[in-house]
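Everything on this sheet refers to the single structure shown next.
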Protein chains: 4
Amino acid sequence: MTQDEKTSRRQDCIFQAVIEALSEYEYYQLTIEDIAARAGVGKSTIYRWWKHKSELVLDTFRAHTASIFDLDLAKTLEDNLIQQLTRLAQALNHPVGRALLVVMANHRELAGNFFHDFLLPRREQMHALLQQSIERGEIRSDYPFDLMLDTLYGPIHYKIIFFNRMPDDAYIRALVSLVLQPVRMQASH
Amino acid sequence: MTQDEKTSRRQDCIFQAVIEALSEYEYYQLTIEDIAARAGVGKSTIYRWWKHKSELVLDTFRAHTASIFDLDLAKTLEDNLIQQLTRLAQALNHPVGRALLVVMANHRELAGNFFHDFLLPRREQMHALLQQSIERGEIRSDYPFDLMLDTLYGPIHYKIIFFNRMPDDAYIRALVSLVLQPVRMQASH
Amino acid sequence: MTQDEKTSRRQDCIFQAVIEALSEYEYYQLTIEDIAARAGVGKSTIYRWWKHKSELVLDTFRAHTASIFDLDLAKTLEDNLIQQLTRLAQALNHPVGRALLVVMANHRELAGNFFHDFLLPRREQMHALLQQSIERGEIRSDYPFDLMLDTLYGPIHYKIIFFNRMPDDAYIRALVSLVLQPVRMQASH
Amino acid sequence: MTQDEKTSRRQDCIFQAVIEALSEYEYYQLTIEDIAARAGVGKSTIYRWWKHKSELVLDTFRAHTASIFDLDLAKTLEDNLIQQLTRLAQALNHPVGRALLVVMANHRELAGNFFHDFLLPRREQMHALLQQSIERGEIRSDYPFDLMLDTLYGPIHYKIIFFNRMPDDAYIRALVSLVLQPVRMQASH
DNA sequence: TCATAATCGAGACGGTACGTCCCGTCTTCCT
DNA sequence: AGGAAGACGGGACGTACCGTCTCGATTATGA
C-alpha cells in the first residue's frame, strides 16, 4: 500500500469519526480530542491536515455527499429538480449537514470558499439542465433563471435552519411545481 | 428611579455592549467577559438574566429590530413586501443579525422558540395583508400562500448566509416581482 | 475567613500537592495537571500565581524550609555550622530539595533570584555569627571568610548532586572540623 | 571509507550540532529534532545510539573535554591543582558544561554513572599526585585528602550553579592556597 | 554494468503536557 | 442590600516534542 493510500484511509477514518460523533451530539459540543479518540489517531494528525474544526467538518460534508448531486439528463427537468432538492434536503438535514450549516453561519469566509467549490458547480449543472430544457422547447428562454434557482434552493435551507424541520417530499414537489409554473411553455399560452 | 427602571437601563446597557462588540468582531469571538466589561456590569448580572450567550444575542436582536416590521396597510401589497424584505435583509446583514443567524444554526431549540415568537407573527401579519389583497380583488384567492412566503423569505436568508452578500434593492424588487407574477389577478387572464 | 487567608490555605494545599508528587517521582516527571488534580484546584489557579513549574517548585521549597535555618547564638560556632549544614543537607536531599537543585541547574536566571532571596541571607546570618566569634576572641579576624563559607557549602551541594548521596553526620563534622582548624585562635599559637 | 569511519564522522557531526545548539540556547530548550536538522541526519539515527537527550549531551561533554584534564607531574602540586580547577571551571562554564550540570541534576542515575566514568578517574589522578607530593616531603601524609578534594571541587561547582558565575583565576588561586595551607609541611612548624 | 540489498534522510504518526482562554459558579467587599 | 469585580474548578484549545515507524532515494556490493 502506498503512502497516499494510507493517508487516504486514515482521513476516511477521521471523517467516519466526525460523522459518528455528530450523530450523537451537536456541532458545538464536538471536540477535536473526541474525534481523535474515536478515529484512533493523535490530535496532531488532525491538526496536520485541518487548521480548524470547521474545515474538518466542511471536508467531512464534502466526502459524505460526494457525487450524490449528479443530474440525470434523461429525466425531465421537474424530476431532476425534485431529485436534486430532495437530496439537498437530506444532506442538510443529516447531522453532518446540520453541522455544515453551523460552520457556514459561523465562518463567513469559509462560506465563501464552500460556495465557490461546492454550491456554484451544482448551480451550473442545473443551468446546463435548464439550457437543455430550453433547447428542447420545454421552457421559456426569457426568464431570470438565477433568481428562480434562489427561490428553489432558498426555501430548502430556510425550512431546515429556521423551522428546524426537513422539507418532506410533498413540500418539495409543491415548491418545484409552483416555481416551474410560470416558466413552462404552455404557461405562456 | 425605581428598581425596574434601573434593571431596564442596565439591560439596555448590556444590549448596547453586545451590539458594539459584534460590530468589532464575529459572534464566535464574542465572550461574556467582554460584554460585561463593556457594559460595566458584573458577569453574574448577565447570567442572572440569560442562561447562555445565545439567548442574550437573541434578545439583543429582538431589542434592536423592535417594531421595524410593521406593515402599512395603506400601501400596495408589492410595496409592503419590498419594504418588509428590505428591512429583513438589513436586519440580518447587520452584525447583530449575522450573530442571530449563527445562533439559529447553532441552537436548534432556540431556532424553534425564535421562530414562534418572532418570525411567525411576521408571517401572520403578512397573511393578513394577503387576505386584504384577496378581498380587494388584487390577487387570486386559490394559491399556496405559505409556500409563496417561503419563496420570498428563503432566498433572502440564503443569499446572506451562503453568498455572504446582502441582497440589494434591485434583487429584492426582482424577487417580489417574480413571485407575485402568477398570483396577480391579471396574470390569470 | 478573609480572602487572603483562603488564598494562603489554597497555596499551602498546592505546596502539599507538589511535595506529595515529588515524593513519588522525579522533578522531570512532575506535571502541572497532576499537581492541580492532587490539590483539587484548577490548572488556571496554579498559573495565576506561578508563571512556570520551576517557580512553583522554588516557592514550595521556600515554604517547606522556612525558618529551619535560624542560628542559635548561644551555641558555639562549630555547633551552629554543623547544625546549619546538616539542615541544608537534609533540605537538599529531600525530594523538594532535589527538585530545587534541578530547577537551579535548568534556569540560571531563577538561580540568581533564589540566591539573592534565600541563600545570601543565610550567608549573612553566618557572617554575623563569625563576627560574634571574632569579638569573643574564638577565631582569627584576618581570614577570607567568604571563601571559607564556600568550602563549607560547596562540598555539601557537590556530594548531593554528583555523588547522589546525602552527606552523613560524620562527614559534616569532619568537614567543619577541617575547615575551622586554621581559623581557630589556638591554631595561630 | 569504511562503515565505521562513516559512523564516527556522523557522530562527530551530531556532537557538533549539540554544541552549536547549546551555544544558542539553554539545555531545556534543546530538542532532538533541532539536533537532527543541524547535523543533517534523521532522528532515528540519533535514537539508534542514544536512548535519551541526556545521554547524548553527556557523551558530547565527554567528547568535548577529552584529555583536557591530564596532569603534568613535573609541575608543583599547587600549579597542578590550579590548572585542574581552572580547566574544570572552564569546562563547566561552557554551554556544554552547563548542560551537563543540568543533566546531572535531572537524572540522578546518570550522575552516578558519570561520576564513576569521568569524575572518579580525575580524583584518582589527583590522589596519585598527592601521593607523589607526600613522597617528596612537600605535604603532610596524615590528612583527610578525600575531604580536602571536596573542598576544592565543591566550591567550583557551587559557584557556577548557584552564583551563576564562573570562578575567576584569583578565586581559584585563593581557594587552592587556602585549602593547601594546613597541609603543607611548613604549616606544621 | 547493472540489479539488488542495506542504509539512512525525511518526516508522518500516536501520544502527552504544555500554557491559554473562556466558561458558568461563587465569594468578597464596596457603595 | 445589591452588584462590580474577579477568583475559582473545569475543560477544550492549538502547539511543541517525544520516541516509534514507514517510505523512498541513495548508495555499496555481488553477479
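Labels below follow one simple rule: chain letters A, B, ... track the order of the sequence lines, proteins then strands, and each chain is numbered from 1. Atom set for the values below is all heavy atoms of this structure, side chains included, hydrogens, waters and symmetry mates excluded.
Taking the six-membered ring for Trp and thresholds of 30 and 60 degrees, B:F114 and B:F61 have ring planes more than 60 degrees apart, a perpendicular arrangement.
A straight line from OH of C:Y27 to P of E:dA17 spans 15 Å, rounded to a whole angstrom. Atom NZ in C:K53 sits about 14 Å away from atom C1' in F:dA16, given to the nearest Å. Rounded to whole Å, the distance from NZ on D:K51 to C1' on F:dT20 is 16 Å. Put simply, CD1 on D:I46 is 13 Å from P on F:dT20, counting in whole angstrom units. Straight-line distance from the CD1 atom of D:I35 to the C1' atom of F:dC17: 12 Å, rounded to whole Å. Separating the OH atom of D:Y28 from the P atom of F:dC17 is a distance of 12 Å, rounded to the nearest angstrom.
Between D:T45 and D:R10, the shortest heavy-atom distance links the atoms CG2-CD, 4.0 Å.
Relative to the side chain of C:I32, the nucleotides E:dG24, E:dG19, E:dG9 differ in distance, and E:dG19 lies closest. Closest approach to the C:V41 side chain among F:dG9, E:dG9, F:dG3 is made by F:dG9 (side chain taken as heavy atoms from C-beta onward). Looking at the side chain of C:S44, the nearest of the listed nucleotides F:dG10, F:dC17, E:dG24 is F:dG10.
With the nearest nucleotide of DNA chain E identified for both D:G42 and A:W49, D:G42 has the one nearer the 5' end. Position along DNA chain E of the nearest nucleotide to A:E33 versus B:K43 favours A:E33 as the more 5'-ward residue.
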ask   = What do the steps show when you test D:W50 against D:F15 for ring pair (Phe, Tyr, Trp, His ring centres under 6.0 Å), and what is the final call?
value = CA-CA 12 Å; D:W50 299 278; D:F15 289 148; 5.7 Å; yes

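Paired with C:I19 under the rule side chain to side chain contact (heavy atoms under 4.5 Å, CB included), one option of C:I14, C:T60, C:V57 passes, and it is C:T60.
Close to E:dG9, at under 4.0 Å from its OP1 or OP2, lies a side-chain N or O of D:R10. Neither OP1 nor OP2 of F:dA12 sits under 4.0 Å from any side-chain N or O of A:T31. Contact check, B:R48 against F:dG3: a side-chain N or O comes under 4.0 Å of OP1 or OP2.
Using a 4.0 Å cut-off between charged side-chain N and carboxylate O, B:R62 and B:D59 make a salt bridge.
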